[in-house]
Novice: 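Encoded as structure tokens, here's the structure I'll be asking about.
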Amino acid sequence: MRGRGGPGDEHELFDERAAWERALGEAGWIGVGWPREYGGRGLALTQQVIFYEEYARARGPGRVGIVGEGLLGPTIVQFGTDDQKRRFLPGILAGTRSGARATPNPTPGSDLANVATRAEADGEEWVLHGQKVWTSLAHWGRLVLRALPHRP
């Protein structure tokens, strides 16, 4: 699996890489920069850089849980409710829960300054208006629309 599963190769050896993700979780190598209070290692930035440089140097496989660890988890740590932290963070850290990243509409691509898709709070849920055309790792991740509480 060395070097497999990166950009342009994301679909290769998925089951093997998912097993690797679980092994990383069991060994405590997911969420190395997350605060200890949420299950991370709480490593300093320089230590995180060393870890990721060594992972790349060893040609570690593309991470199946990269969206959960790098985007979803930190967002929940910062803005999520206590219930969301209990529900989602342990699975991300164990390598058993992943996420998906959506680019909101075709016009701006990843230029978020021009996003036309909008979400509005409707009670306890969010209603999305607009279109979405690209979701990275969507067929393996789960989209949770109630991910964050409404904050006016």
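None of the values given here were measured: they were computed from a predicted structure. Sequence positions, counted from 1, serve as the residue numbers for this chain.
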Novice: Check the pair E21 / I30 against side chain to side chain contact (heavy atoms under 4.5 Å, CB included), numbers first and verdict last.
Specialist: CA-CA 8 Å; E21 194 76 18; I30 297 176; 3.6 Å; yes

Novice: Check step by step if side chain to side chain contact (heavy atoms under 4.5 Å, CB included) holds for R97 and L72.
Specialist: CA-CA 10 Å; R97 181 178 283 276; L72 180 60; 5.5 Å; no

Novice: Counting heavy atoms not belonging to W20, are there more than 12 under 6.0 Å from its CH2?
Specialist: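 At most 12 heavy atoms, drawn from other residues, nucleotides or ligands, come within 6.0 Å of this atom.
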
Novice: Under a 3.5 Å distance rule, please check whether Y55 uses its side chain to pair with a backbone N or O of I50 as donor and acceptor.
Specialist: no

Novice: Under the side-chain contact (heavy atoms from CB on, under 4.5 Å) test, which residues partner R57, sequence neighbours left out?
Specialist: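 Result, side-chain contact (heavy atoms from CB on, under 4.5 Å) vs R57: E54.
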
Novice: Using a 3.5 Å distance criterion without hydrogens, assess whether the side chain of R17 forms a donor-acceptor pair with backbone atoms of R63.
Specialist: no

Novice: If every non-hydrogen atom of G80 is compared with every non-hydrogen atom of Q84, which pair is closest and at what distance?
Specialist: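 It is CA-OE1, 3.2 Å.
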
Novice: Working to the nearest 0.5 angstrom, can you tell me the gap between R86 CZ and I76 CD1?
Specialist: 12.5 Å

Novice: Looking only at heavy atoms, which two atoms of P74 and G68 are closest? And how far apart?
Specialist: CD-O, 4.1 Å

Novice: Does E125 use its side chain to pair, donor to acceptor, with the backbone of D122 at less than 3.5 Å?
Specialist: no

Novice: Apply side-chain contact (heavy atoms from CB on, under 4.5 Å) to E16 and list each qualifying residue two or more places apart in sequence or on a separate chain.
Specialist: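 By the side-chain contact (heavy atoms from CB on, under 4.5 Å) rule, E16 matches M1, L13.
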
Novice: Let me confirm one number: the CZ-CG distance from R36 to L43, rounded to the nearest 0.5 Å.
Specialist: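 Rounded to the nearest 0.5 Å, the CZ-CG separation comes out at 7.0 Å.
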
Novice: Looking at R22 and G95, what are the two nearest heavy atoms and their distance?
Specialist: CG-O, 3.4 Å

Novice: Do you reckon Y52 sits in the same ILVMFWY cluster as W34, going by side-chain contacts under 4.5 Å, direct or chained?
Specialist: yes

Novice: P35: what forms a side-chain contact (heavy atoms from CB on, under 4.5 Å) with it, not counting sequence neighbours?
Specialist: E37, Y38, V77

Novice: Please check: side-chain N/O of R41 versus main-chain N/O of Q48, any donor-acceptor pairing under 3.5 Å?
Specialist: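 Checked: no pair found.
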
Novice: Rounded to the nearest 0.5 Å, what separates atom CG in D83 from atom NZ in K85?
Specialist: 11.0 Å

Novice: Looking at G31, is its backbone amide N or carbonyl O close enough to the side chain of E69 to form a donor-acceptor pair, meaning the two atoms are under 3.5 Å apart?
Specialist: yes

